[in-house]
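A short write-up of the structure that comes next.
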Amino acid sequence: MSDWQPDTVAVHGHASVPLEGINPVAPAIYYSSTFRAADAPHFAEMASKTRHAGFYTRYGNPTHEQAAAVLAKLEGTEVAMLTASGMGAISTAVLALVKAGDHCIAQSRHYMATAKLFDEMLPKFGVEVTIVEQSDLGAIEAAIRPNTRLIYVETPANPTLVLTDLAGVVALARPRGILTLADNTFAGPINSRPAELGVDVILHSATKSLGGHSDITAGAICTTRALAEEMWDTSLTLGSTLSPMDAWLLLRGMRTLPLRMARINENALALAAWLEARPEVEVVYYPMLPSHPQHEIAARQMRGGGPVVAFSVRGGYEPTSRFVAGLKLASQAVSLGGVETLAVHTAAMWAGSLNEAQMKVAGIAPNFVRMSVGIEDIEDLKRDFAQALEASGAE
Ligand SMILES: *Cc1c(COP(=O)(O)O)cnc(C)c1O
């Protein structure tokens with residue numbers, strides 16, 4: 001390097017620092033879009049492998065490999081593939097597995113963009129979709145056809161945290177050779193491991209609890225090695241590639257996932273029970289509350305309820321709006337699973353895109369609040385909620 005000009009040093013200088021023998025305790029970040037071959041045969045070998053963490057970052061990256069290894073282990077699947085967002089994971093997985101003439105079964109309640117994928121995009125490509133009520137296993141069974149390729153579920157789901165019986169769906173699908181896909185974003189791998197119940201593909205918005213700090217957008221597909229191979233070409237073609245920095249932040253976030261989730265489960269259940277006893281509150285929805293209509297399923301397939309608690313405020317739209325606006329500690333913002341408590345007035349959120357009738361179909365009541373409970377001190381949270389409820393005029 002001693003005879004290099006500054007222009008050359010600026011570009012290549014970092015490579016002169018020998019890394020052999022240096023073992024960082026924290027994972028290193030590989031912020032490189034491409035990787036050098038040692039010679040022509042090595043280059044040919046790199047290019048011929050279908051998967052490679054050291055060839056070109058859309059094909060893989062060492063930081064992705066590390067984060068994916070952690071997540072696959074947490075979910076109990078053979079492999080995990082990372083994407084640039086939860087929707088990147090969901091669209092890649094579904095589009096990879098279906099072709100024109102296939103039939104899919106999905107739920108009446110899905111994350112809004114997932115619903116669009118099933119309601120609008122798949123039919124455009126000649127894939128038939130039947131939408132069923134997710135709490136009704138009989139309706140799922142009745143929807144099965146000879147050309148059913150997959151059953152897509154999401155549990156718990158917006159808006160009332162309705163659950164899908166995962167073991168029940170697998171029992172319908174497996175013997176018929178139908179694939180099962182589950183969005184596990186709300187519960188997360190600490191609270192629910194669908195692979196243990198036989199679900200084939202687990203999808204995540206890693207933007208939420210896995211990242212956990214409201215600072216990245218990321219997604220993941222957790223599955224078997226064989227199914228990952230089937231999705232590989234689609235993943236390369238759609239190009240939902242996670243940035244190495246965000247993979248590193250995901251890796252950093254996941255290191256405290258069990259700790260954060262233990263506190264979040266505890267806070268969310270305590271707040272849900274406290275809300276249930278408040279005179280200003282009509283109904284509280286949380287899987288771990290004995291009052292949840294499917295509590296028995298929650299007890300069977302979930303170890304904790306996760307961050308999302310939903311409830312309705314007495315008195316309709318106006319008091320609900322005043323309640324959310326009156327929160328001082330909790331922020332009015334979308335997303336979930338971060339360290340901080342968030343709350344949204346769902347009817348206000350959709351007021352710009354859905355009319356009253358559409359909201360009714362989507363199950364969005366005017367007095368509905370969805371919140372994501374964080375890791376703050378529970379007494380501080382209760383105090384904040386108490387003052388906002390008292391000031392809301394709800395009765
Ligand atoms: C946020 C979310 C998604 C989409 O994830 P992005 O990272 O925003 O693309 C999908 N499913 C659920 C349940 C979500 O909460």
Side-chain angles (χ1 to χ4, degrees), residues 64 67-68 71 75 80-95 106-121 134 152-164 166 180-192 194 199 201-222 235 238-243 245-247 249-250 253-254 257 261 264 268 285-287 301-302 305-310 333-338 340-344 346 349-350 362-364 370-374:
H64 290 174
L71 184 53
E75 272 294 353
M81 290 163 68
L82 301 182
T83 53
S85 69
M87 285 318 302
I90 292 163
S91 57
T92 298
V94 172
L95 291 171
Q107 301 178 172
S108 58
R109 305 270 187 264
H110 277 302
Y111 184 74
M112 207 55 96
T114 304
K116 259 190 197 290
L117 174 70
F118 283 100
D119 295 345
E120 295 172 24
M121 194 181 248
Q134 74 181 87
Y152 187 98
V153 303
E154 180 179 332
T155 180
N158 270 327
T160 54
L161 302 201
V162 55
L163 305 178
T164 310
L166 292 171
T180 47
L181 285 72
D183 182 332
N184 195 29
T185 301
F186 271 33
I190 301 302
N191 291 325
S192 173
V199 173
V201 183
I202 293 102
L203 289 321
H204 272 289
S205 169
T207 310
K208 314 295 168 52
S209 304
L210 295 176
H213 296 75
S214 309
D215 51 11
I216 60 167
T217 302
I221 303 169
C222 304
S235 155
L238 296 182
S240 177
T241 308
L242 185 63
S243 89
M245 180 73 204
D246 285 357
L249 282 168
L250 173 59
M254 285 192 297
L257 179 66
M261 203 44 70
I264 283 172
Y285 304 92
Y286 190 63
Q301 67 187 31
M302 298 176 79
V308 184
V309 177
V334 295
S335 200
L336 61 108
E340 59 287 287
T341 298
L342 307 176
V344 287
T346 25
M349 181 166 134
W350 295 107
I364 303 167
R370 194 193 83 180
M371 59 178 185
S372 172
V373 180

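Treat the numbers as computed from the prediction; the structure is a model and nothing was measured. Whatever order the structure lists ligands and atoms in, that order sets their numbers, starting from 1.
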Taking Asn158's backbone N and O only, do any of them form a donor-acceptor pair with Tyr111's side chain (distance below 3.5 Å, no angle check)? no
State the atoms of ligand 1, each with its element, that fall below the 4.0 Å cut-off from a heavy-atom position in Phe186. 13 (C), 15 (O)
Go through ligand 1 atom by atom and flag the ones less than 4.0 Å from a non-hydrogen atom of Ala218. 7 (O)
Give me the nearest non-hydrogen protein atom to atom 8 (O) of ligand 1 as residue plus atom name, then the distance to 0.1 Å. Tyr111 OH, 3.8 Å
Please list the nearest protein heavy atom to atom 15 (O) of ligand 1 with its residue and the distance rounded to 0.1 Å. Lys208 NZ, 2.8 Å
Closer than 3.5 angstrom, by distance alone: can the side chain of His204 be matched with the main-chain N or O of Ile202 as a donor-acceptor pair? no
More than 12 foreign heavy atoms under 6.0 Å from CE of Met121: is that the case here? no
May I ask whether Asn158 has any heavy atom positioned less than 4.0 angstrom from an atom of ligand 1? no
Side chains of Arg370 and Leu336: closer than 4.5 Å at any heavy-atom pair? yes
Of the protein's non-hydrogen atoms, which lies at the shortest distance from atom 12 (C) of ligand 1, and what is that distance? Asp183 OD2, 3.4 Å
Can you tell me if Asp246 uses its side chain to pair, donor with acceptor, with the backbone of Ala218 under 3.5 Å? no
What atoms in ligand 1 come closer than 4.0 Å to a heavy atom of Ser205? 1 (C), 2 (C), 3 (C), 4 (C), 5 (O), 6 (P), 7 (O)
For a quick check under 3.5 Å, do Gln107 and Thr164 share a side-chain donor-acceptor pair by atom type? yes
Is any side-chain heavy atom of Pro287 less than 4.5 Å from a side-chain heavy atom of Leu163? yes
In terms of atom number and element, which parts of ligand 1 are under 4.0 angstrom from non-hydrogen atoms of Gly86? 5 (O), 6 (P), 7 (O), 9 (O)
List every atom of ligand 1 that sits less than 4.0 Å from any heavy atom of Leu336, numbering the atoms from 1 in the order shown and giving each element. 15 (O)
Among all protein heavy atoms in this structure, tell me which lies nearest to atom 9 (O) of ligand 1, with the distance rounded to 0.1 Å. Met87 N, 2.8 Å
Is there any N or O on Thr114 that sits under 3.5 Å from an N or O of ligand 1? no
Just to check, does Leu203 reach to within less than 4.0 Å of ligand 1 when the distance is taken from its heavy atoms? no
Do you know which of Leu117, Asp183, Thr180 makes side-chain contact (heavy atoms from CB on, under 4.5 Å) with Tyr152? Asp183
Ligand 1-proximal atoms of Ala113, by part, heavy-atom distance under 4.0 Å: neither
Main chain of Thr83, side chain of Ser240: is a donor-acceptor contact present, judged purely on distance under 3.5 Å? no
By number and element, which atoms of ligand 1 are closer than 4.0 Å to a non-hydrogen atom of Ile90? 10 (C)
